[in-house]
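Worksheet: the structure to be examined is printed underneath.
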Amino acid sequence: MPYDPERHGPQRIVGPGFFERVFEVVARVPAGHVTTYGDVAAELGMRSVARKVGHALSALGAERDDVPWHRVVNSQGRLSRAADSDSGHRQVCRLAAEGIEVASSGLIREFEARRFTFH
DNA sequence: CGGCTGACGACCT
DNA sequence: GAGGTCGCCAGCC
């Protein structure tokens with residue numbers, strides 16, 4: 001079930017856990033660049049948990065504006081959320097503010113060139 | 001305690 | 001390309 005603040009209430013982000021580690025990695029992506037769920041998972045040492053990375057980002061509360069979740073896209077360089085959805089639109093706007101254009105198809109322009117790789 | 005559930009990805013028709 | 005399948009596993013019921 002997708003995260004629904006109406007039903008689930010505010011997210012509790014307590015102590016260091018998996019979610020927190022995801023946030024720390026995502027926070028390393030510089031403005032104007034993007035990364036993928038798989039890359040974040042690999043950076044955590046678990047390539048198989050790409051899906052959990054998305055789960056962690058979905059749990060982000062409004063208080064965590066320090067986590068640039070909008071810079072995370074799928075391995076195709078495409079937005080994972082519906083472009084017409086509320087948060088999908090927010091993602092497009094945030095990316096545009098950093099000079100990243102998103103085609104109407106949801107595909108990031110110049111994806112490979114803007115892709116950030118962790119060291 | 002046990003069953004679901006995915007902001008995914010690799011692989012296979 | 002465009003589908004479908006399967007593995008993944010931390011949280012939430």
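The figures here come from the full heavy-atom set of this structure, side chains too, leaving out hydrogens, waters and symmetry mates. A note on names: the letters A, B, ... follow the listed sequences, proteins ahead of strands, and every chain is numbered from 1.
- Using a 4.0 Å cutoff on non-hydrogen atoms, the parts of residues 37-44 of chain A near DNA chain B are A/Tyr37, A/Gly38, ordered by number.
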Contact list (N/O, under 3.5 angstrom) for nucleotides 2-6 of chain C vs protein:
none

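- In this structure A/Ala31 satisfies the side-chain contact (heavy atoms from CB on, under 4.5 Å) test together with A/Arg71, A/Glu98, sequence neighbours excluded.
- Listed pair A/Ser75 / B/dC8 fails the phosphate criterion, with no side-chain N or O lying under 4.0 Å from OP1 or OP2.
- Looking at residues two or more places apart in sequence or on another chain, you find a side-chain contact (heavy atoms from CB on, under 4.5 Å) between A/Ser85 and A/Arg81, A/Ala82, A/Ser87.
- Atom-to-atom, CG of A/Leu60 to C1' of C/dG11 comes out at 15 Å; the value is rounded to the nearest Å.
- Taking atom CZ of residue A/Arg47 and atom C1' of nucleotide B/dC11, one finds them 13 Å apart after rounding to whole Å.
- The side-chain contact (heavy atoms from CB on, under 4.5 Å) check on A/Arg94 picks up A/Asp65, A/Trp69, A/His70, with sequence neighbours excluded.
- Hydrophobic cluster membership of A/Val34, counting Ile, Leu, Val, Met, Phe, Trp and Tyr whose side-chain heavy atoms lie under 4.5 Å apart directly or via other members: A/Val73, A/Leu79, A/Val92, A/Leu95, A/Ile100, A/Val102, A/Ile108, A/Phe111.
- By the salt bridge (Lys or Arg N to Asp or Glu O under 4.0 Å) test, A/Asp86 is found to be paired with A/Arg90, residues two or more places apart in sequence or in another chain being considered.
- Among residues two or more places apart in sequence or in another chain, the salt bridge (Lys or Arg N to Asp or Glu O under 4.0 Å) test is passed with A/Glu110 by none.
- Residues that satisfy the salt bridge (Lys or Arg N to Asp or Glu O under 4.0 Å) test with A/Arg78, not counting sequence neighbours, are absent from this structure.
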